[in-house]
Amino acid sequence: MQSIKQVLSGDSLDMPVRIRGWIYRTRSSGGIVFAVIRDSTGIVQTTVKKGTVSDGDFESASNAGIESAVEVQGTLAEDNRAPGGLEIRASGFKVVAFSEPFPITEYQSTELLLDQRHLWIRSREQTAVMRVKAAMLRGGREWFHENDYVEVTPPMITGVASEDSTQLFQIKYFDRIAFLSQSAQFYLESLIFSCERVWTLTPSFRAEKSRTPRHLAEYWHLEMEAAWVDNEGNMKVQEELVAAMLECAADECPAELQLLGRDPATLRKIAPPFDRMPYAEAMEYLQKNGFDALWGSDLGAVEERALTKDRETPLFIVNYPKELKPFYMKGNPDDPRTYKNSDLLAPEGYGEIIGGSERETDNALMIERLKDKGESLDNYQWYLDLRKYGSVPHSGFGLGLERMVTWVCKLEHIRDSIPFPRTVARVYP
RNA sequence: GCCGUCGUAGCUCAGUCGGUAGAGCGUCCGCCUGUUAAGCGGAAGGUCAACGGUUCGAACCCGUUCGACGGCGCCA
């Protein structure tokens with residue numbers, strides 16, 4: 001048994017081959033059936049002629065509809081009438097399982113594709129996205145390994161909010177209430193005192209009622225935290241990691257990227273260092289371009305698009321005003337109105353993919369900020385402990401994996417970057 | 001939370017002025033030995049999202065509800 005990719009790329013011409021997979025398209029013309037077969041690696045046309053195969057096999061081929069599981073043996077032949085110029089001329093055609101009429105046909109609405117998600121993920125586009133995502137993850141994991149980071153496993157059930165607590169999913173936890181994690185950051189910060197450099201990949205849950213092409217209620221969060229690293233060092237990690245993920249995707253999935261409309265060469269060109277633009281400068285740029293960009297206002301989707309739509313490489317926006325960011329970021333001595341933090345914006349207008357900062361080490365400052373926000377200190381006691389016992393400068397960030405995939409795969413909506421998207425309006429299938 | 005669009009055959013949609021419900025694709029049957037999500041002939045397939053109202057008469061006008069999608073804000 002061979003994969004379709006092996007059959008098409010090897011030296012199988014005029015040789016006997018055997019494949020198995022699912023019928024992708026089928027047409028018949030009396031005594032000849034054209035069945036295009038799909039497996040996880042590609043598609044190829046097979047031709048089944050009456051008289052060339054057994055009558056039973058011919059009847060099977062005639063009756064098998066789209067998505068029927070089949071096993072075909074035959075000879076690979078060159079033929080310019082075949083899509084792609086190669087086809088398998090069958091000597092045997094076995095149906096492993098006939099398919100009922102497939103619900104997804106030529107015309108599809110968004111609603112149908114979401115309702116039939118468990119079937120739609122068989123599509124070539126979705127398959128390509130999954131492979132690109134896997135390659136990106138492998139590139140990232142290897143980069144962390146080569147740079148002496150320890151992969152750790154924080155909890156996903158938590159009793160404390162690291163962001164706005166209205167955005168947490170509540171769960172029943174025995175006889176009390178707990179929350180689904182929206183960030184592993186506090187746990188990673190705890191772990192740097194032993195491992196020094198840690199990273200993790202976990203699901204994060206956000207109960208924001210966001211209805212946009214950039215939000216999921218459940219997404220995969222790639223987070224890193226490292227001791228002895230300042231904000232600039234934090235950005236170096238980000239750009240090297242992103243470049244490593246892009247390189248692996250370009251190396252392992254050139255065909256998948258092409259299918260999705262992404263030229264792998266544009267990814268290979270992206271190398272550190274990425275441009276750094278202070279928040280203040282970004283606001284000036286926006287004002288010159290007709291935006292009402294006042295100091296202290298956040299960058300919305302439109303602003304992020306304006307800043308990056310003509311760029312081919314990601315852009316760091318650094319030193320945001322304190323009122324826009326959470327309490328645990330390190331103050332910026334060069335401009336006390338701001339933090340030592342960065343957001344990384346994807347190019348081509350795809351928006352924010354990473355948020356990170358150097359962390360505050362002064363408990364008094366953090367307590368003051370929490371009180372200003374009206375937060376109860378009780379939830380943060382263990383976190384504040386971390387600054388009492390040998391606190392060190394440290395930094396970290398969180399990367400929204402699906403946001404990065406959306407950019408890399410040129411997707412219109414983040415839901416296509418994950419097989420079973422969880423959004424405000426949908427938990428099925 | 002706010003703004004907007006849409007619910008008609010399995011799917012994608014049309015449906016004029018309020019007057020007995022339409023097409024293409026898919027399915028089923030028949031024909032076809034080079035098709036490119038083929039072609040030709042035939043058949044089956046409908047709670048017009050739900051409920052209420054106006055009217056002699058409602059897919060169409062009005063109201064309510066439900067569902068889906070698009071956008072904003074917030075975030076990764």
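Here is the naming used below: chain letters follow the sequence lines, and residue numbers restart at 1 for every chain.
- The same atom, P, is picked in B:C69 and in B:G26; the two are 27 Å apart, to the nearest Å.
- Residue A:Arg214 contributes atom CZ, which lies 7 Å from atom P of B:G73 at whole-angstrom precision.
- No donor-acceptor contact under 3.5 Å links the side chain of A:Lys209 to the base of B:G73.
- In summary, the side chains of A:Tyr219 and A:Arg403 do not present any donor paired with an acceptor at a separation below 3.5 Å, with no hydrogens or angles considered.
- In this structure, A:Arg81 does not reach the B:U33 phosphate: none of its side-chain N or O atoms is under 4.0 Å from OP1 or OP2.
- There is a side-chain donor-acceptor pair under 3.5 Å between A:Arg359 and A:Ser357.
- Ring orientation note: the planes of A:Trp143 and A:Tyr149 are tilted relative to one another, at an angle of 30° to 60°.
- With respect to A:Arg262 and A:Glu348, a salt bridge is recorded, a charged nitrogen being found less than 4.0 Å from a carboxylate O.
- Remark: A:Asp416 engages A:Arg117 in a salt bridge, criterion side-chain N to carboxylate O under 4.0 Å.
- Across B:U12 and B:A49, the matching P atoms stand 14 Å from one another, rounded to whole Å.
- Residue A:Ser210 places a side-chain atom within donor-acceptor reach of the base of B:C74, judged by atom type and a 3.5 Å distance cut-off alone.
- Across all strands shown, B:G4 is found opposite B:C69 as a Watson-Crick or G-U wobble partner, with both distances under 3.5 Å.
- Between the side chains of A:Thr338 and A:Asn332, at least one donor N or O lies within less than 3.5 Å of an accepting N or O.
- The phosphate of B:U12 has OP1 or OP2 within less than 4.0 Å of a side-chain N or O from A:Ser109.
- One cannot find a donor-acceptor pair under 3.5 Å joining the base of B:G1 and the side-chain atoms of A:Glu208.
- Across all strands, A:Asp79 comes closer than 4.0 Å to base atoms (heavy-atom distances).
- Aromatic stacking is not marked for A:Phe34 over B:G34, as the cut-offs of 5.5 Å for the centres and 30° for the planes do not both hold.
- Separating the P atom of B:C66 from that of B:C25 is a span of 39 Å, rounded to the nearest Å.
- The P atoms of B:G4 and B:A44 are separated by 45 Å, rounded to the nearest whole Å.
- With a 3.5 Å ceiling on both atom-pair distances, the Watson-Crick or G-U wobble partner of B:U64 is B:A50.
- Checking the phosphate oxygens (OP1, OP2) of B:G4, no side-chain nitrogen or oxygen of A:Arg211 falls inside 4.0 Å.
- For the pair A:Met224 CE and B:A76 P, the computed distance is 16 Å after rounding to whole Å.
- Where A:Leu114 and A:Asp343 meet RNA chain B, the nucleotide closest to each residue was compared, and A:Leu114 sits on the side nearer the 5' end.
- One N or O donor and one acceptor, one from the side chain of A:Gln45 and one from the base of B:U35, sit under 3.5 Å apart.
- Phosphate proximity of B:U33 to A:Lys50: absent, as no side-chain N or O sits under 4.0 Å from OP1 or OP2.
- Across all strands shown, B:C56 forms a Watson-Crick or G-U wobble pair, both distances under 3.5 Å, with B:G19.
- Nucleotides B:C32 and B:G42 place their C1' atoms 16 Å apart, quoted to the nearest Å.
- B:C51 sits 33 Å from B:G24 when the C1' atoms are compared, rounded to a whole Å.
- If you take NE2 of A:His413 and P of B:A68, they are 14 Å apart, rounded to a whole angstrom.
- Here A:Leu399 lies out of heavy-atom contact (under 4.0 Å) with every strand.
- Side chain A:Arg415 to base B:C69: no donor-acceptor pair is found below 3.5 Å.
- Comparing B:U20 with B:C3, their P atoms sit 39 Å apart, to the nearest whole Å.
- Only the P atoms considered, B:G1 is 35 Å distant from B:G15, to the nearest whole Å.
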